[in-house]
Novice: 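Take this structure, written in structure tokens, and hold onto it; I'll ask about it next.
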Amino acid sequence: MKRTHHCNELRPAHIGQTATLSGWVHSRRDLGGLIFIDIRDREGRTQTVFDPSDLPKEIFERAASLRSECVVAITGKVRQRPAGTNNVKIATGEVEVAVRALEVLNMADVLPFPVDDPELASKVNEELRLQYRYLDLRRPEMARNIRLRSQVATATRVFMEEQGFLEVETPVLFKSTPEGAREFLVPNRREPGTFYALPQSPQQFKQILMVGGVERYYQLARCFRDEDQRADRQLEFTQIDILGEDIVTPFTRITFEEALNRYGADKPDTRFGMELADFTEEFRSSGFKVFSGAVAAGGVVKALNAKGLAGATQGQIETMTEYAKSFGAKGLAYIKVEGGEWKSPIMKFFNDVEKAALTKKLGIEEGDLILFAADQWLTACEILGKIRLYCAGVLKGQGKLTIAPNRFDFLWVVDFPLLSFDKEQNRWYSSHHPFTAPVAEDIQFLTSDPKKVRGQHYDIVVNGTELGGGSIRIHQPDVQKTVFEQVLQISPEETKLRFGYLLEAFRYGAPPHGGIALGFDRLIAILCGTPSIRDVIAFPKTAKGTDLMTNSPAPVTPKQLRDLHLELKAAKKE
RNA sequence: GGGGGUGUAGCUCAAUUGGUUAGAGCGCUGCCCUGUCACGGCAGAGGUUACGGGUUCGAGCCCCGCCACUCCCGCCA
């Protein structure tokens with residue numbers, strides 16, 4: 001029995017035709033003298049009817065023994081449903097198939113969790129869903145995500161090819177690079193003590209492709225980073241990786257500095273206001289020593305107005321304070337504007353001029369909650385940035401802030417600092433990656449005043465999520481050498497060992513080039529409206545990097561270790 | 001590495017704050033049922049309260065440890 005139609009296909013126009021459907025038993029409704037079975041495939045579902053007056057007894061009895069998720073094929077006549085029994089919830093709800101023949105392709109055990117009821121299934125523990133991922137993937141929600149992912153991948157490829165980009169696959173077995181994320185290593189059987197590394201991104205190969213004359217490259221590339229996971233971070237993930245000439249930017253641009261000043265984040269969510277305001281000058285000589293002291297130490301005073309949050313309980317204020325402290329704040333000063341007066345433990349320190357400045361800049365009204373941070377510029381901005389998002393969450397929960405679900409605020413963040421300083425290791429490191437070109441007029445400061453150097457780097461942000469980033473690459477070997485050796489303090493020997501091939505490639509005619517990488521999983525998650533990229537990856541890993549379905553990672557045999565010239569120092573904990 | 005949350009029947013949850021035999025809905029099993037689509041009715045089975053200790057006359061509940069999942073900080077060029 002070969003399927004003639006899929007389960008979302010039959011309509012009144014098919015009435016009278018003979019059809020064969022195959023798929024899973026979605027649900028069985030056994031009325032005793034009559035059995036309805038909904039058959040589901042990935043396209044949808046169709047009701048079939050088993051009527052004993054019309055069927056051999058044997059078939060009817062077999063239908064009665066079926067349970068959810070058995071795999072069957074049926075043949076029968078498509079007919080109109082009796083008046084008043086249409087099912088408006090499904091697309092095939094006007095017709096049904098009167099079964100003549102049934103083939104049971106496979107029985108199914110009782111399921112560990114329901115897949116037929118979207119409401120129940122969506123609440124099932126994710127641990128269980130991951131363990132039985134194949135069942136989870138049958139749920140319409142997951143099936144839709146996986147399909148959308150496939151469609152977006154195809155659309156991407158069609159678009160890129162039209163624009164003259166070539167998809168080139170780059171090796172997964174690559175070489176370890178000292179900068180950047182922790183890598184996965186692959187021991188080399190052929191030469192003891194040598195290793196491949198899985199790429200954190202196809203970065204270096206794609207630059208080589210530029211030198212190789214590809215001109216416009218893209219790839220849906222798998223990347224690997226052995227770092228701790230988040231809802232939007234997996235050990236292995238997919239990037240839409242692009243390299244070519246300067247990328248056109250149709251979206252709003254905002255500088256890194258402005259993004260921090262206004263939103264307290266380098267990936268601002270601009271779908272709502274509540275912007276930060278600066279009060280450094282106003283409090284420079286304030287009687288409130290916490291503020292004036294921070295300014296004297298070279299810091300700033302920032303504030304934000306959480307409109308309508310004056311009703312926050314002491315507990316909520318406490319929670320916010322703890323939250324702020326977890327980001328390095330020393331405390332969280334606040335003012336509640338309630339009943340026509342300003343209520344705050346620090347009210348007594350403010351004079352009228354300061355109050356007037358606050359009222360003016362923050363547009364303070366009855367019912368507002370004002371929150372302060374006084375610290376070094378970056379710290380103060382980031383703390384209030386986190387508090388801003390927290391407050392937005394609370395206001396959303398109270399229905400005081402609504403954001404249209406189909407609103408996507410895309411923007412470019414530009415003028416990032418090229419370098420950041422690592423206090424622990426006492427050295428500079430690349431904010432983005434070591435191949436990012438400095439802004440031309442800043443190159444002179446590379447060795448004398450590294451913090452002043454801006455990178456030709458841009459992040460693409462949507463709704464507060466970093467979707468991707470790109471940069472104009474260094475294509476002059478001398479600048480690249482300076483970055484490696486003098487700024488990042490990688491020794492000439494190490495540089496030659498790790499990046500020699502790249503520096504050499506640049507000597508043979510390297511065109512200027514820029515690239516961008518978009519987090520494909522994050523993009524799909526945003527399009528699917530889910531907060532976790534696990535929902536758009538067919539087989540994701542848990543927060544600890546395990547695969548609950550296959551139980552990986554797992555030990556290997558002593559022989560495998562011997563072949564790889566490896567010896568274990570610590571055995572697996574039992 | 002650190003902080004928070006969760007873990008009770010196959011699933012989703014409850015258990016009056018330490019007190020009788022740990023309950024409900026769904027699912028499952030059996031019987032009944034010819035127009036259901038969350039079918040319905042009757043009956044029934046099903047529990048190492050994640051795991052290991054401890055306190056107590058008595059622990060799902062308190063304490064210590066441990067495991068798993070999850071959210072966040074660090075980390076993620």
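Note that the structure is predicted; figures quoted are calculated from it, not measured. Lettering of chains follows the sequences in order, A, B, ..., and the numbering in each one begins at 1. All values below come from the heavy atoms of this structure, side chains included, with hydrogens, waters and symmetry mates left out.
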Novice: Would you mind pulling out the nucleotide paired to B:C39, Watson-Crick or G-U wobble, both distances under 3.5 Å?
Specialist: none
Novice: Flag this pair as yes if the NZ/CZ of A:K452 is under 6.0 angstrom from the six-membered ring centre of A:F445 and inside a 45 degree cone about the axis; otherwise no.
Specialist: yes
Novice: So which nucleotide from B:U34, B:U12, B:C37 ends up closest to the side chain of A:K123?
Specialist: B:U12
Novice: Among B:U70, B:C73, B:C11, which nucleotide sits nearest the side chain of A:K386?
Specialist: B:C73
Novice: Tell whether A:Q47 reaches the base of B:U36 with its side chain through a donor-acceptor pair below 3.5 angstrom.
Specialist: yes
Novice: When all nucleic acid strands are considered with a 4.0 Å heavy-atom cut-off, which category describes A:D30: base, sugar-phosphate, or nothing?
Specialist: base
Novice: Do A:R81 and B:C37 share a donor-acceptor pair, side chain to base, under 3.5 Å?
Specialist: yes
Novice: How are the rings of A:H457 and A:F416 set relative to one another: parallel (under 30°), tilted (30 to 60°) or perpendicular (over 60°)?
Specialist: perpendicular
Novice: Does A:F113 stack onto the base of B:C11, taking stacking as ring centres under 5.5 Å apart and planes under 30° apart?
Specialist: no
Novice: Can you figure out which of B:C73, B:C69, B:C76 approaches the side chain of A:E127 most closely?
Specialist: B:C69
Novice: Tell me which nucleotide among B:C39, B:U34, B:U70 gets nearest to the side chain of A:D51.
Specialist: B:U34
Novice: May I ask you to check whether over 12 heavy atoms, not counting those of A:R62, lie within 6.0 Å of atom CZ?
Specialist: yes
Novice: Closest to the A:K544 side chain: B:U70, B:C69, B:C37?
Specialist: B:C69
Novice: Under 4.0 Å, heavy atoms only, any strand: does A:T177 hit a base, just the sugar-phosphate, or nothing?
Specialist: nothing
Novice: Base, sugar-phosphate alone, or nothing: which one does A:I90 contact when heavy atoms must sit under 4.0 Å apart?
Specialist: nothing
Novice: Could you measure between the two P atoms, the one in B:U55 and the one in B:C72, and give it in whole Å?
Specialist: 40 Å
Novice: Would you mind telling me which of B:C71, B:U29, B:U34 lies closest to the side-chain atoms of A:R67?
Specialist: B:U29
Novice: Would you mind pulling out the nucleotide paired to B:G60, Watson-Crick or G-U wobble, both distances under 3.5 Å?
Specialist: none
Novice: In this structure, how many angstroms lie between the C1' atom of B:C75 and the CG atom of A:L235, rounded?
Specialist: 13 Å
Novice: With a 4.5 Å cut-off on side-chain heavy atoms, are A:V97 and A:T46 touching?
Specialist: yes
Novice: Using the glycosidic torsion, which applies to B:U17: syn (within 90° of 0) or anti (everything else)?
Specialist: syn
Novice: By nearest atom, which of the nucleotides B:C71, B:G35, B:U12 is closest to the A:R534 side chain?
Specialist: B:C71
Novice: Tell me what A:T546 touches on the nucleic acid: a base, only sugar-phosphate, or nothing, going by heavy atoms under 4.0 Å.
Specialist: sugar-phosphate
Novice: Closest nucleotide of RNA chain B for A:G32 versus for A:Y323: which of these residues is on the 5' side?
Specialist: A:G32
Novice: Evaluate whether atom NZ of A:K175 has more than 12 neighbouring non-hydrogen atoms of other residues, nucleotides or ligands under 6.0 angstrom away.
Specialist: yes
Novice: Any N or O donor-acceptor pair under 3.5 Å from the base of B:G1 to the side chain of A:R182?
Specialist: no
Novice: Find the distance A:L31:CG to B:C39:P and express it as a whole number of Å.
Specialist: 11 Å
Novice: Taking atom P of B:G35 as reference, at what distance in whole Å does atom CZ of A:R29 sit?
Specialist: 13 Å
Novice: Look at the side chain of A:R233 against the base of B:C75 and say whether a donor-acceptor pair falls under 3.5 Å; ignore hydrogens and angles.
Specialist: yes
Novice: Categorize A:R129 for me: base, sugar-phosphate, or nothing, with a 4.0 angstrom heavy-atom threshold over every strand shown.
Specialist: nothing
Novice: Could you check whether A:D228 gets within reach of a base, just the sugar-phosphate, or nothing at all, counting any heavy atom under 4.0 Å?
Specialist: base
Novice: Over 60° means perpendicular and under 30° means parallel, so classify the ring planes of A:Y323 and A:Y390, tilted if in between.
Specialist: tilted
Novice: Take atom CG of A:L120 and atom P of B:A9, then tell me their distance rounded to the nearest Å.
Specialist: 16 Å
Novice: Would you indicate what A:D232 reaches in the nucleic acid, counting non-hydrogen atoms under 4.0 angstrom: base, sugar-phosphate, or nothing?
Specialist: nothing
Novice: Any donor-acceptor pair under 3.5 Å joining the side chain of A:E96 to the base of B:G35?
Specialist: yes
Novice: List for me each residue that meets side chain to side chain donor-acceptor pair (under 3.5 Å) alongside A:T447, sequence neighbours excluded, and say none if there are none.
Specialist: none
Novice: Considering only the C1' atoms, how many Å lie between B:G30 and B:A45, rounded to the nearest integer?
Specialist: 10 Å
Novice: Scan A:F205, A:F224, A:Y196 and name whichever one has a ring-ring contact (aromatic ring centres under 6.0 Å, His included) with A:F174.
Specialist: A:F205
Novice: Report which part of the nucleic acid A:P82 touches: base, sugar-phosphate, or nothing (heavy-atom distance under 4.0 Å, all strands).
Specialist: base
Novice: How would you label the contact of A:R79 with the nucleic acid (heavy atoms, under 4.0 Å): base, sugar-phosphate, or nothing?
Specialist: base
Novice: Quick one: look up who B:C67 pairs with, Watson-Crick or G-U, both distances under 3.5 Å, and put none if it's unpaired.
Specialist: B:G7
Novice: If you check the A:E227 side chain, which of B:C75, B:C37, B:C28 turns out closest?
Specialist: B:C75
Novice: Sticking with atom P, work out how far B:G46 lies from B:A22, rounded to a whole angstrom.
Specialist: 13 Å
